A.B. asks: 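Below are the structure tokens for one structure; questions will follow.
First listed ligand is number 1; within each ligand, the first listed atom is number 1. The model shown is predicted, which means the values in this text are computed figures rather than measured ones.
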Amino acid sequence: MEVVIVAGPVEVGAFAAGRIAEIVAAKPDAVLGVATGSSPLETYRALAARRDAGLDLGRVSAFALDEYVGIARDHPESYHAVVDREVAQPLGLDAARVHVPDGLSPDLDAAAEDYEAQIVAAGGVDLQLLGIGGNGHIGFNEPTSSLSSRTRVKTLAPRTREANARFFDSPDEVPMHCLTQGLGTILDAKRALLVAQGASKAHAIAQIVEGPVSSMWPGSVLQLHRHATVVIDEAAASELTLTDYYRYTVEHRNIVQPDA
Ligand code: GLP
């Protein structure tokens, strides 16, 4: 994995937005995988600023990682609503090209299969943006998720429901289930870009970057990806052991570019 350590959350967002902008500049109809949660918000802010400066995202397609099951689309915390509010609107995406799993489908297995088919029909994801849960989940692939899983129904871990309770009026309101892209689905993206900031993510980052590939730390599956980048701030990097090496490799980034 490419590990990039920057000063703080704003720098994380600026770096990630730069990578995304490069992809869109080269391919204006790029397919982006987008994440919810607080981690990527600075990235979206930085991208919106680039849009103000002339970056056109109007032909970009977006696929969300996940959606709660059984939550109305117009609920402000449904991922349909979050993706619209935090991503599609500020970035000027075409609503017809923004996709979120259908957590209200009467046949969730069929909805999951259909979502996989939509990603394939769009030509696959060019860059998947990811956050990470404190327990190492990416998307909603909780610990013990199959490393080759596809989009499917998952039960949220108690720790995830507790973490996401801040978005709801009461902890009981946090849905129990979700539809999430699988770890295998995420691995199929041509590039993966994980952003994290703050000390609360430091342990998960150390596990997924320097620990073994393990379904107990689902983000560690990115070690199997050819082009995975982890962009973190100093606080999120605080439990890594090879930080000097990661900083040193930054010097070489302009010389040795990953192959396409
Ligand atoms: C959420 C999402 C993930 C996200 C993670 C971390 O519930 N399903 O995609 O990366 O939990 O959230 P946050 O960035 O708010 O810490």
A.B. asks: Considering only non-hydrogen protein atoms, determine which one is nearest to atom 14 (O) of ligand 1 and report residue, atom name and distance to 0.1 Å.
C.D. replies: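 In this structure, atom 14 (O) of ligand 1 has Ser39 OG, 2.5 Å as its nearest protein heavy atom.
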A.B. asks: Check each heavy atom of Ile138 against ligand 1 and say whether those closer than 4.0 Å belong to the side chain, the backbone, both or neither.
C.D. replies: neither
A.B. asks: Is ligand 1 less than 4.0 angstrom away from at least one heavy atom of Arg166?
C.D. replies: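 A heavy atom of Arg166 does come that close to ligand 1.
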A.B. asks: If the cut-off is 4.0 Å to any non-hydrogen atom of Tyr79, which atoms of ligand 1 fall inside it?
C.D. replies: 1 (C), 2 (C), 7 (O), 8 (N)
A.B. asks: Indicate yes or no: does Lys201 engage Asp233 in a salt bridge with an N to O separation below 4.0 Å.
C.D. replies: no
A.B. asks: Check each atom of ligand 1 against the heavy atoms of Ser38 and keep those under 4.0 Å away; list them by number with element.
C.D. replies: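 What qualifies from ligand 1 is 13 (P), 14 (O), 15 (O), 16 (O).
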A.B. asks: What is the closest protein heavy atom to atom 4 (C) of ligand 1, and at what distance does it sit?
C.D. replies: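 Among all protein heavy atoms, the one nearest atom 4 (C) of ligand 1 is Thr36 O, 4.0 Å.
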A.B. asks: Of all the atoms in ligand 1, which lie at a distance below 4.0 Å from a heavy atom belonging to Asp66?
C.D. replies: 8 (N), 9 (O)
A.B. asks: Hey, is ligand 1 close enough to His137 that some N/O pair sits below 3.5 Å?
C.D. replies: yes
A.B. asks: Using a strict 4.0 Å threshold on nitrogen-to-oxygen distance, state whether Lys27 and Asp126 make a salt bridge.
C.D. replies: yes
A.B. asks: With a cut-off of 4.0 Å, which atoms of ligand 1 are near a heavy atom of Asn164?
C.D. replies: 7 (O)
A.B. asks: Is a side-chain donor or acceptor of Arg152 paired with a backbone partner of Ser149 at a separation under 3.5 angstrom?
C.D. replies: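 It does not hold such a pair.
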A.B. asks: Does Arg161 offer a backbone N or O that forms a donor-acceptor pair with the side chain of Asn164 under 3.5 Å?
C.D. replies: no
A.B. asks: So does Glu162 pair up with Arg159, basic N to acidic O under 4.0 Å?
C.D. replies: no
A.B. asks: Between Ile132 and ligand 1, which part of the residue brings a heavy atom under 4.0 Å of the ligand: side chain, backbone, both or neither?
C.D. replies: backbone
A.B. asks: If only atom types and distance count, is the side chain of Glu116 paired as donor or acceptor with the main-chain N or O of Thr151 below 3.5 Å?
C.D. replies: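 Such a contact is found between Glu116 side chain and Thr151 backbone.
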A.B. asks: Using a 4.0 Å cut-off to any heavy atom of Lys201, which atoms of ligand 1 qualify?
C.D. replies: 13 (P), 14 (O), 16 (O)
A.B. asks: Taking the six-membered ring where the residue is Trp, are the ring centres of Tyr68 and Phe167 under 6.0 Å apart?
C.D. replies: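 For Tyr68 and Phe167, the ring centres are not under 6.0 Å apart.
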A.B. asks: Distance-only, no hydrogens or angles: does the Asn135 side chain make a donor-acceptor pair with backbone N or O of Glu142 under 3.5 Å?
C.D. replies: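 Checking the backbone N and O of Glu142 against the side chain of Asn135, no donor-acceptor pair under 3.5 Å is found.
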A.B. asks: Among Gly139, Gly37, Gly131, which one puts a heavy atom closest to atom 3 (C) of ligand 1?
C.D. replies: Gly139
